[in-house]
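Written below as structure tokens is the structure these notes are about.
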There are 2 protein chains.
Amino acid sequence: MTHKIDESKHFMQNRTKPNARGGRPRKFDEAEALGKMQRQLWSTGLSGVSLDGIARSAGLNRPSLAAAFGDKDAIYAKAASEYAAMMDARLSQALEADDLRLALKAAFDTAIDIYTADGADGCFVICTAPAEAHTNPVCQTILEQSLEAIDALFLKRLEKERLLPGAMPVDLASLSSLLGSTLNSLALRARAGWSQTKLKALSDGAVDQVMTILGGSSSSRDPG
Amino acid sequence: MTHKIDESKHFMQNRTKPNARGGRPRKFDEAEALGKMQRQLWSTGLSGVSLDGIARSAGLNRPSLAAAFGDKDAIYAKAASEYAAMMDARLSQALEADDLRLALKAAFDTAIDIYTADGADGCFVICTAPAEAHTNPVCQTILEQSLEAIDALFLKRLEKERLLPGAMPVDLASLSSLLGSTLNSLALRARAGWSQTKLKALSDGAVDQVMTILGGSSSSRDPG
DNA sequence: TCTATTTTGTGCGTCATTGTACAAAACATA
DNA sequence: TATGTTTTGTACAATGACGCACAAAATAGA
């Protein structure tokens, strides 16, 4: 819930009124089509594919796509919004574990699974929005909000620890940013082709370091 | 020196032979033109600008640009290569300081200065290459090499500490990745519009955490 | 069956982008 | 001055991307 992007913008509105009263039925499922377009945009970026290409990837022709979803910006905004909500839900769930170390590892494992599924596209937002953030307000907005949301997600989880007995007076905001930065970087490294193994090694290392700072089990000692 | 991209590719070659024997002199300085094109690509990304736009930004017309630098991929490759070499030099120099904390802070401050100069474009590579990494081999290559190079830069510096008396047996590779990830994330956050102040707060926190792990001065305690 | 409504798919016109050809211009050398 | 060489800038052609118009198709309701 923390990073829903504003859907009140002009570019978000649907032009069609499905199931009003009568009319020819659609030959496509809206959610399924959006999913396919999301995958396409995820892989190529916003400027890397034309409306023709997006329409082909979704299995419908351009006029139908325009009528149902609007122009390219609107499609990207919908796809990005859906992605952000999905990530928020998955990460929040993973972070619910009682044991902090397990919670953090679960969150990173979840992210890595998403970043490396179906090829290795990394994070939809982190890997496609920055390039056009200065020329496209949609990209700018989704990037800002996602970066903030990730840090906030970790901070919220870390603050549960502050209530526990024996907690150290550590700068949790700084630690949250460190964890958020690690997640951001995992997205980039996945896009660059890193294996799941390497990505998990990196995130495990980061979790170990953070646990060390939080005053504890020193599994961050040099293995070799 | 660690992340020079391969210039032997076909798309890297110049088509012209300046100053061979005679011929009309150029009206532009090659390095200066490349710098202007680099700024343009940095801001808009590769697909975010046309060859016309690049030519205008460099102050020369499209045929001259094509003759001197090749197509858009070749121009991007040159700009990215030059950027990577510049970053490598600046960061290496900053990391030369004897005191580790000061060296790390200097490196991050240098990066932040670059990331926030002339607008707030973040890192040329981190912010423009990922989007097209899967559709453009040039972007794929420069992204891979830059990510590796940044980690390597930090690792090289950290390993100097291992030689000092009283050094802890910490996993330096993991710490290097943590520092590299922080730098990657700073690039993204700068692109998203974060102020120098916020960026420096984040990097200072990361440095403090790392110094804490390396066994020492605990300035990472919660200020509030 | 008839009407209203909505989607579908083809097709057209326009504009942007790219590559390249060509003549003129500006230089070095003999 | 004459020749060869290289860059410049205009121009043209081919392709791609985009928006929209339009008729046909497919439904609900009267």
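In what follows, every heavy atom counts, from backbone to side chain, and hydrogens, waters and symmetry copies are set aside. Quick note on labels: first sequence line is chain A, next is B, and so on, each numbered from 1.
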Using only heavy-atom distances, determine whether the side chains of S185(B) and R189(B) contain a donor-acceptor pair under 3.5 Å. yes
Does any donor atom in the side chain of Y76(A) or T128(A) lie under 3.5 Å from an acceptor atom in the other side chain? yes
Does anything in residues 172-182 of chain A form a salt bridge (Lys or Arg N to Asp or Glu O under 4.0 Å)? List the pairs, not counting sequence neighbours. none
Scan residues 128-150 of chain B for pairs that pass salt bridge (Lys or Arg N to Asp or Glu O under 4.0 Å), counting only residues two or more places apart or in two chains. K198(A)-E148(B)
Would you please name every residue forming a salt bridge (Lys or Arg N to Asp or Glu O under 4.0 Å) with [X], sequence neighbours left out?
X: R191(A); value: none
X: R62(B); value: D52(B)
X: R157(B); value: E161(B)

Calculate the interatomic distance between [X] atom [atom1] and [N] atom [atom2]; express it in whole Å.
X: K72(A); N: dG16(D); atom1: NZ; atom2: P; answer: 15 Å
X: I75(B); N: dT18(C); atom1: CD1; atom2: P; answer: 10 Å
X: L60(A); N: dT8(C); atom1: CG; atom2: P; answer: 7 Å
X: R26(B); N: dA25(C); atom1: CZ; atom2: C1'; answer: 16 Å
X: F69(A); N: dC18(D); atom1: CZ; atom2: C1'; answer: 18 Å
X: L65(A); N: dT10(C); atom1: CG; atom2: P; answer: 15 Å
X: F28(A); N: dT6(C); atom1: CZ; atom2: P; answer: 15 Å

For DNA chain D, what residues of residues 38-53 of chain A have any heavy atom nearer than 4.0 Å? S50(A), L51(A)
For [X] and [N], is the shortest distance between a side-chain N/O and OP1 or OP2 below 4.0 Å?
X: S64(A); N: dT7(C); result: no
X: K27(A); N: dT7(C); result: no
X: N61(A); N: dT8(C); result: no

For residues 171-198 of chain B, pull every pair meeting ring-ring contact (aromatic ring centres under 6.0 Å, His included), keeping only residues two or more places apart or in separate chains. none
Pairs in or reaching into residues 130-159 of chain A: which pass ring-ring contact (aromatic ring centres under 6.0 Å, His included), with residues at least two apart or in two chains? F108(A)-F154(A)
Taking the minimum atom-to-atom distance to the side chain of D71(A), which one of dG19(D), dT7(C), dG19(C) wins? dG19(D)
Nucleotides 22-25 of chain D: which of its N/O atoms have a protein N/O under 3.5 Å away?
{"from": "dA25(D)", "atom 1": "O4'", "to": "R24(A)", "atom 2": "NH1", "distance (Å)": "3.3"}
{"from": "dA25(D)", "atom 1": "N3", "to": "R24(A)", "atom 2": "NH1", "distance (Å)": "3.3"}

On the side chain of R62(A), is there an atom forming a donor-acceptor pair with the base of dG19(D) - under 3.5 Å, no angle test? yes
At 4.0 Å (heavy atoms only), tell me whether P63(B) reaches a base, stays on the sugar-phosphate, or touches nothing. base
